[in-house]
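Here's the structure we're looking at; comments come further down.
Ligands are counted one by one from 1 in listed order, and the atoms in each one are counted from 1 as well. What's counted below: heavy atoms across the whole structure, side chains too, no hydrogens, waters or symmetry copies.
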Amino acid sequence: MASVGFIGLGNMGAPMMRNLLKAGHTVRVFDLSDLARRAAADAGATAVTSAREAAQEVELVVTMLPAGAHVASVMLGEDGLFATAAPGTLFIDSSTIDVATARLVGAEAAKAGYQMIDAPVSGGVGGAEAGTLTFMVGGPDAAFERARPFLEAMGKTIVHAGGPGNGQAAKICNNMLLGISMIGTCEAFALAEKLGLEPQKLFDIASKSSGQCWSMTSYCPVPGPVPTSPANRDYKAGFAAAMMLKDLKLAVEAAGIAGAAVPLGAEAAQLYAMMVGSGDGSLDFSGVIHMLRGKA
Ligand code: NAD
């Protein structure tokens with residue numbers, strides 16, 4: 001069993017960390033929040049008061065932070081972990097961050113002699129608690145193989161997507177497609193209503209026809225056809241619209257840098273920005289159907 005440092009104990013990080021404890025690892029934790037540190041100590045981790053301390057005398061460090069700036073601030077600079085952690089430490093960044101920062105941090109890790117992977121997740125808080133997350137991994141083969149048993153303690157599906165940053169690239173490409181397909185699904189159901197076509201009838205036909213997609217068959221944006229979809233519980237997330245907006249912004253930003261055209265991704269980002277701006281950011285992203293119907 002290994003000694004692990006874990007930094008970032010929010011909605012996702014806390015249950016992921018607990019799954020490492022469950023697997024028998026010892027874990028040193030740090031979060032800016034006292035409350036989060038205390039809860040982790042109650043769960044059996046050793047709470048310390050800086051990221052630097054959390055990365056001392058451990059075999060690997062997992063970070064689960066809000067955005068690229070947080071990851072860069074923890075890793076880089078004179079006091080950063082790449083200047084202070086023991087030689088041989090493995091770094092796993094599971095935060096969802098921009099591809100450019102993921103590649104920069106990956107390159108700086110290599111320069112400092114450390115192995116590192118970017119390993120963003122999908123599966124949400126439920127998947128983090130159940131240990132069934134999907135990890136999308138970017139980084140060198142050897143780092144991926146070394147990280148795999150630890151990822152297996154927190155997730156079920158683990159895919160190596162290529163070199164540094166490719167985990168983040170996979171995540172934002174998938175979520176951009178999801179954001180667009182949800183809006184398309186909502187438009188179809190909203191149009192059906194205006195045309196006097198019952199939602200269940202549209203579902204029965206489209207879910208078996210060429211319009212079939214995950215947004216329809218797993219997260220159907222109207223109540224009824226898929227009893228487990230957030231529409232049946234007043235659009236309680238689920239996958240919050242604010243998180244979808246974050247991922248769409250990362251996709252549009254990456255497309256700008258790479259010179260890729262993403263007109264529908266950019267439009268989807270605008271629609272989710274309107275939804276979040278109207279105060280509905282904590283609703284499931286399928287709740288965008290209210291806006292498309294022109295109703296609050
Ligand atoms: P969160 O805001 O609940 O947690 C982030 C934690 O990081 C907070 O506890 C905060 O105090 C801590 N933190 C911030 N800066 C820090 C620093 N410098 N040092 C130490 N701790 C610091 O966020 P979350 O929902 O747990 O998400 C974490 C990451 O996972 C994000 O990048 C998010 O996009 C991604 N993600 C979230 C979900 C989800 O459903 N919540 C799903 C997939 C991916």
Of all the atoms in ligand 1, which lie at a distance below 4.0 Å from a heavy atom belonging to [X]?
X: G124; value: 40 (O)
X: M243; value: 33 (C), 34 (O), 36 (N), 37 (C), 38 (C), 39 (C), 41 (N)
X: M64; value: 29 (C), 30 (O)
X: H70; value: 15 (N)
X: K171; value: 43 (C), 44 (C)
X: K246; value: 31 (C), 32 (O), 33 (C), 34 (O)
X: V74; value: 18 (N)
X: I7; value: 20 (C)

Counterpart residues, side-chain contact (heavy atoms from CB on, under 4.5 Å), relative to A40 (two or more places apart): L9, M17, V29, A45
Solution key, residues 142-150 side-chain donor-acceptor pairs under 3.5 Å, sequence neighbours excluded:
| residue | atom | partner | partner atom | Å |
| --- | --- | --- | --- | --- |
| E145 | OE1 | R148 | NE | 3.3 |
| E145 | OE1 | R148 | NH2 | 3.4 |
| E145 | OE2 | R148 | NH2 | 3.1 |
| R146 | NH1 | G88 | O | 3.1 |
| R146 | NH1 | Q115 | OE1 | 2.7 |
| R146 | NH2 | E59 | O | 3.4 |
| R146 | NH2 | G88 | O | 2.8 |

Indicate, as side chain, backbone, both or neither, the part of R37 found under 4.0 angstrom from ligand 1 when only non-hydrogen atoms are considered.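 For R37, there is no contact with ligand 1 at all, from either part.
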Classify the contact between M12 and ligand 1 as side chain, backbone, both or neither, using a heavy-atom distance cut-off of under 4.0 Å. both
P66 near ligand 1 by a heavy-atom separation under 4.0 Å: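 Yes; P66 lies near enough to ligand 1 that a heavy-atom distance drops under 4.0 Å.
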